[in-house]
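By convention in this document, chain letters (A, B, ...) are assigned in the order of the sequence lines, proteins followed by strands, and residues within each chain are numbered from 1.
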Amino acid sequence: MQNLDSRPAPYVKDQTQEAAEEERQWEATEVKEADHVPDTMQTPDVPPPTPAKDQFQEELVIRPLHSGDIYASFQFRTMWDTDFLRGSKVSHYRLFPKSLGQVISKFSVRELHISFTQGYWRTMQWGQPFLPSPPGAELWVWFQDTVTDVDGAWKELTNVLSGIFCASLNFIDSTNTVQPSASFKPLGLGNVTDQRFLRYAVLPREIVCTENLTPWKKLLPCGSKVPVCLMFDALMKVASSQSFRLSYNTSEVCITPICAMCKSTVWELRQTLNVVFDLHTSGQGKREWSLFKMFSRTLTEACPLASSSKVYVDGELFELSPTTPLLSQAVVLGDRRTYSVYDLTNQATFGQTRSLNMLLRWRAAESGDMLRPLLHGERYVAGYGLQTGEIHTLMYNNHPYRAFPVLLLDTVPWYLRLYIHTLTVTSKGRDNKPSYIHYQPSKDRLRPHLLEMLVQLPPNSVTEVTMQFERALLKWTEYTPDPNHGFYVGSSVISALVPSVVAMDTNSTRECPLFSSFFPCKEESSYFMRVYTEPLLVNLPTPDFSMPYNVICLTCTVVAVGYGSLYNLLTRTFQVEEPSPGLAKRLANIIRRLRGVPLL
Amino acid sequence: MGLLSDPNRRRALTKLLTRLNAPICGMPVDWLVKTMQSRGLEVFTQSFTRKLPFPDENKERYMVRGTNVYGILRAPRAPRTEALVLSAPCSEGNNNNQAVGLLLGLAQYFRSQIHWAKDIIFLVNEHDLIGMQAWLEGYHHTNTTGGDWSPLQGRGGSIQAALSLELSSDVITSLDLVLEGLNGQLPNLDLANLFYAFCQKIGVLCTIQGKLQRNDWDTTSGYSHAAQTMMLMVLKQASGRPWGDHGLFLRYHIEAASIRGINSFRQYKTDTTTIGRLLEGMYRKLNNLLERLHQSYFFYLMPSLSRFVSIGYYMPAFGLLAVILLLRALDLWVQLGASPPGTEDGPSSPGVLSILTPVVISHMTGVALYTLPILSQEMAVQHFPVSETEAVVLTAIAIYTAGLALPHNTHRLLQGEGTEEGWRVLKLVALLYLAVLLGCTALINFSLGFILALSLVPIAAFITPHTPKALSAAIMVLLSPGCTLLYCVFVFQELQETPVSLQDGWMLFLSVISQGILDHALYGSLVYPLLALLIYPCWLLLWNILFWK
């Protein structure tokens, strides 16, 4: 279980699939089966030969969600075959953003993941996202094992990143940083999994807006000048205006070292932007979308720097208006889907009008039943009153017959004093003993609680983890400016290897080679998944900061100052101090004393 | 604020209302689920069962089984940390269909808005307060009164504010705001201000305690009108029961109020659209809140919707009453300290036992009054021709009356005669006990504490064994907690402008007792245990002093 998500898999993949998959998807699911290739399919076999050591790829995936909403995921990948860390300083930057490169070399960062999210991914309505992230800002970093002062580097790094991304990452300090022992493993190359070099922090309160997207966009080589980026630019413009109909958006940056053909280390920078458009507020109930409707713009050309630039549309539920001959099939998150591919590097895609505006119409009025997400989590605070409370975390395993283990990571701030002896894990009414518990108690004003557990979820069940806590009374300067809003507790993280739905499909009528099905265990039989629960808002006992409180504070101050000075005056004894005699006089006095003459 | 300006939407609402006006058997759970889902909400249900300790004859229920339906409107780009609740009770026979229709119409309209920053929960609860109690306990995973409910599937974070909507008639001329909640808790005054401000803005007649505001403050009639409104509020608050579905939210520190549509047969009529606009305005205001409502008062009395009496004004009145008790106690203490030199030894030797016995016995009577009515209802029903509810109430009254015979029985247990010091010590204990009791009660529920202080402080101050027995006994009985309750019933009816005859008043009194016991069993109201376990024994101590031998 230690290596839940660190599978240094050989990075050889078909180009189209690789692009269609999401960042973390490759480590869990390897697609072995040949594509379902129609006659007209022309799959580019290998990436175009790149003389330069860096390359840039961009793509957009559009997926309908069963609630009628639309999920659009932009991804930009920059790869650079260089070494930031050893010997000579890298000074010539082409596609890779210099600001990040310098950060990597200065702080000896091995892996960096940062995400800014607004809204909460509704797993039960939307299914799984390609890349999950918690509301607010999340940052986790693996440092090189050569770093001696990890805490110092982490502090400096958060401050630098705070400047780069115009976010409040500088609020990350020891009270919200943890070192998870098992939940976050390096995704890229490297075999050091010592948690001493890992730092993880979440800021659930961080409010994400356009000012975070602008620096994010500046990291792209094409800036906002060209196609997918262009669209993204439009998106940002609308995002800033009031009339926008987004349900969820998240932007992320991940830097990982990967191996290219496993000959050399390549630095990979992935930037993703995920957006969900709301059907109800924008479409007036009509299940029809177009690129123009979503982004107020159409596609006109590809980024000239990009080695591949594609738009994937999940075509199983959609009728696409300019159809494309290209099809691609991928198993993403345990679900096999067929995507229509628009290659933007190909001029024919844009047609006569020199612009591409896809029209997406739902095939049937009834979109059928959604595949229930196999794993999802929920969290809430139980009880009433301002003294104690109880945190409940619910984990649902919706698989009909397979049990699987999950890793639960809970980070609770110190001002909720957890009673760890009240920790109970129950599923199906029975006690469920976790096989691994890593608990680090909090220290007031220094570090948060960290609880990691490995729990086996029985099939088709709800597992409930409960823990009581006491609300601490803070010092009065420690309250936020809006103390009656409540205090945030970050999302808990549930990581799991989930049995694939594709593997669940025991339908033997599908055409596949007979030799491939001796054993049902396939490479894709399970996939890695991370689920974030909602953050909590907890009210702490708060003094009334209004007039009476101010009056008390003011009176106390006045009394203290007045009484203090008066007391000082009354008790102090005054003495007249003679100025100390000069050096010559003292010498003279010594001589006089020796001689027995009266002193001067 | 363009609610229902769109003809399509108005037509949809009309359709809903006509569908709801058709006679329905119980709550149409499936239909509600489907309707809410089609409006783009996440819909969940919760089923609950509840067996009442004895049948509730007012609402004709004993074994309650029901389902709550609620739909959550997820705010776009919000992380599910905060929520607002709009609820409408719906149950068989209850003619609240207008409210449910309006709730669904609002849900559809709110869904197409984009400015929501908090999730909005639209709740249709069955069996009014019992359903609400089940839902709130399910939401917060507590179980204070032993109900049986299924756990909730969907939540929206911590609830910031809630409104409950009750439109009992098709024609509505004014809206009444109900604030009094469980145990006399009140929501933040800003919620009332918000309601009042929007009513003024939209031009809806709004009332509190069913009474309109008058502008002639200076005149005697205007003053008495305001005083009557405030007295109604005092009586309602003192009863400690939730006066609307909102009442149970207050325990969870959720600001809540009920809005009740009233048909008072005026010319001016308020249509559903106007109420919808009012609610939209209030929810948008609540949606914009960065913090919970906390800036304004939580302790207040309202003589009209736009004016209030704050805690700083009414607390001194109570303080002056309580000071009488303390001064009396001080006086006794001085007397006790001064007398020993005059008399021979042993003033305190009979003390401990002679003081402890009446204290223990009167508290035992209190425990009997608290437990026996419900425990012995079966036996009573077997031997007497009464229903369960009558049995409970009459047993309570019987035990209460039997307590009057105590002084004569207490003395049989005592070895010696009661001494002069004996009753003084007992009275000192009783005075301090009463002062602490009333002080604590007034802090939690001012009205209850004040009413009890008004009736108990005079007798506590003046009672001695040397006063004329018959007259004092009559006064004491007339000022006992039970009789105070009876007067309150009559005064309340008088203030509500529905005076009752003595016979009806007595029936009402009986039903109030049964309701009090039920409120305690169902929602955890503290008034019945307070009266039975603490106030009544305290009164018995004073009764003991009167008959000290």
Could you tell me the separation between the [atom1] atom of [X] and the [atom2] atom of [Y], rounded to the nearest 0.5 Å?
X	Y	atom1	atom2	result
Leu293(B)	Asn484(A)	CG	CG	10.0 Å
Arg122(A)	Arg80(B)	CZ	CZ	7.0 Å
Arg77(B)	Gln118(A)	CZ	CD	5.0 Å

His485(A): partners by side chain to side chain contact (heavy atoms under 4.5 Å, CB included), with sequence neighbours left out: Arg205(A), Asp482(A), Tyr488(A), Leu537(A), Glu82(B), Glu291(B)
So, for Pro79(B) and Pro135(A), which heavy atoms are closest and what is the spacing to 0.1 Å? CB-CB, 3.5 Å
His294(B), part contacting chain A, at a heavy-atom distance under 4.5 Å: side chain
What part of Thr81(B) gets within 4.5 angstrom of chain A, counting heavy atoms only: side chain, backbone, both, or neither? both
Proximity breakdown for Pro483(A) and chain B, heavy-atom pairs closer than 4.5 Å: both
Would you indicate whether [X], at its atom [atom1], is surrounded by more than 12 heavy atoms from other residues, nucleotides or ligands within a distance under 6.0 Å?
X	atom1	answer
Ile207(A)	CD1	no
Phe171(A)	CZ	no
Tyr313(B)	OH	no
Tyr252(B)	OH	yes
Phe44(B)	CZ	yes
Lys34(B)	NZ	no

Sorted by chain and residue number, the salt bridge (Lys or Arg N to Asp or Glu O under 4.0 Å) partners of Asp519(B) (sequence neighbours excluded) come out as Arg241(B)
Select, from His253(B), Gln153(B), Gln295(B), Gln160(B), the one with the greatest count of heavy-atom pairs under 4.5 Å involving chain A. Gln153(B)
Does anything in residues 130-141 of chain B get under 4.5 Å of chain A by heavy atoms, and if so which residues? Tyr139(B), His140(B), His141(B)
Compare all side-chain heavy atoms of Gln125(A) with those of Arg74(B) and state whether any distance is below 4.5 angstrom. no
At under 4.5 Å between heavy atoms, what parts of residues 377-386 of chain A are in contact with chain B? List them by residue number. Glu378(A), Tyr380(A), Ala382(A), Gly383(A), Tyr384(A)
